[in-house]
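What follows is a short report on a single structure.
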Number of protein chains: 2
Amino acid sequence: MNLCPKVEKAMQLLGKRWTGLVVKQLLDGPQRFSEIKAGFPISGKLLTERLKELEDEGIVTRKVYAEVPVRVEYTLTEKGRALQSVIGAIEHWAHDWLEVGEHAQ
Amino acid sequence: MNLCPKVEKAMQLLGKRWTGLVVKQLLDGPQRFSEIKAGFPISGKLLTERLKELEDEGIVTRKVYAEVPVRVEYTLTEKGRALQSVIGAIEHWAHDWLEVGEHAQ
DNA sequence: GTATTTTGTTACCTTTCGTAACTTAATATA
DNA sequence: TATATTAAGTTACGAAAGGTAACAAAATAC
């Protein structure tokens, strides 16, 4: 069986460090840069990079509020919200099968 | 909201290059090293590494057949087969939302 | 003019990844 | 006996991705 290019692309997207967590974070609603960053230990550099990638893929939109200091809010598009099924499946599997602090026996 | 350690661990597992594709490949049934490798352009070095990680997590089992030349077969455990829900969700999302060869508008 | 705050960006170093040559082990062939 | 064959790795080395911490921009308050 040869691999479907769409699935390959999805895998390469989600198979990047932090991407899943960024999407999961945004499933709770629109958030600004600093809020996402506070959710897990990603560096500012990488968060910028990941958000740019997700924006390029039409998964996230970026809105700048010209306040002082500036506020930038990131929101999932419909395409992004559809990833809820994937994130949900991961959470379900994690709760069913993972033990933290040790390896599987 | 603070992140559940199980979900964090799952994300860090699946958020590694090739891991999702290795699991997807093995969902079709047990396969030997070379068969998995033929499924997508992963290097032997990385495939060894990923399979070792998945084995350490109890997601995959490794069986050596002392034939000539040697045959090594990898099989998903029940924990591994449970990832079918995750892989399935990714495939579904990919078919619903991705276009190959161009970016989202 | 200086301080403050958020959202990046840059420089620099470390870790991970990719490639290609090599190793091992058991047999078959010359 | 020597050489070839084959699958499954392993190793060395250069390239790409990731982490850290200092810096920049922009607009306002002091």
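These values consider heavy atoms only, across backbone and side chains, with no hydrogens, waters or symmetry-generated copies. Chain identifiers are assigned alphabetically (A, B, ...) following the order of the sequence lines, protein sequences preceding nucleic acid strands; residue numbering begins at 1 within each chain. Predicted model only: the values in this text are computed from it and were never measured.
- In this structure B/Ala82 satisfies the side-chain contact (heavy atoms from CB on, under 4.5 Å) test together with A/Trp93, A/Trp97, sequence neighbours excluded.
- Nearer to the 5' terminus of DNA chain D, by closest-nucleotide assignment, is the contact made by B/Arg32 (compared with the other of B/Thr48 and B/Arg32).
- In this structure, the CG atom of A/Leu51 is 11 Å from the P atom of C/dT9, given to the nearest Å.
- The interatomic distance linking A/Lys52 (NZ) with C/dT9 (C1') rounds to 9 Å, in whole Å.
- Partners of B/Gln31 by side chain to side chain donor-acceptor pair (under 3.5 Å), not counting sequence neighbours, listed by chain and number: B/Gln25.
- Using a 4.0 Å cutoff to heavy atoms of chain A, the contacted part of DNA chain D runs 5' to 3' from D/dG18 to D/dT28.
- Listed by chain and number, the residues in a side chain to side chain donor-acceptor pair (under 3.5 Å) with A/Arg32 amount to none (sequence neighbours excluded).
- Rounded to 10°, the helix from C/dG1-D/dC30 to C/dA30-D/dT1 has 30° between the axis fitted to its first five pairs and the one fitted to its last five.
- Under the side-chain contact (heavy atoms from CB on, under 4.5 Å) criterion, B/Val7 pairs with A/Lys24, A/Glu91, A/Ala94, A/His95, B/Leu3, B/Cys4, B/Met11, sequence neighbours left out.
- Here the C1' atom of nucleotide C/dA11 and the NZ atom of A/Lys45 are 9 Å apart, to the nearest Å.
- Put simply, CG on B/Leu46 is 15 Å from P on C/dA20, counting in whole angstrom units.
- Residue pairs meeting the ring pair (Phe, Tyr, Trp, His ring centres under 6.0 Å) criterion with at least one partner in residues 41-86 of chain B, sequence neighbours excluded, are absent.
- One atom, CG of A/Leu47, and another, P of C/dT6, lie 15 Å apart when rounded to the nearest Å.
- Listed by chain and residue number, B/Asp96 satisfy the side chain to side chain donor-acceptor pair (under 3.5 Å) test with B/His92 (two or more places apart in sequence, or in another chain).
- Here the CD atom belonging to A/Glu55 is positioned 10.5 Å from the OG1 atom belonging to A/Thr75, to the nearest 0.5 angstrom.
- Among pairs with a residue in residues 37-50 of chain A, those fulfilling side chain to side chain donor-acceptor pair (under 3.5 Å) read A/Arg50-A/Glu53, at least two apart in sequence or across chains.
- Against DNA chain D, the stretch residues 63-72 of chain A makes heavy-atom approaches under 4.0 Å through A/Val68.
- Listed pair B/Arg17 / C/dT15 fails the phosphate criterion, with no side-chain N or O lying under 4.0 Å from OP1 or OP2.
- For A/Phe40, the ring pair (Phe, Tyr, Trp, His ring centres under 6.0 Å) test picks out A/Trp18, with sequence neighbours left out.
- Residue-level contact check: A/Ser34 touches the backbone only, with heavy atoms under 4.0 Å from sugar-phosphate atoms and none from bases.
- Nearest-nucleotide positions on DNA chain D for A/Lys16 and B/Tyr74 put B/Tyr74 closer to the 5' end.
- Under the side chain to side chain donor-acceptor pair (under 3.5 Å) criterion, A/Arg71 pairs with A/Glu67, A/Glu73, not counting sequence neighbours.
- By the criterion of side-chain heavy atoms lying less than 4.5 angstrom apart, applied directly or through intervening Ile, Leu, Val, Met, Phe, Trp or Tyr residues, A/Val68 is not grouped with A/Val64; the two fall into different hydrophobic clusters.
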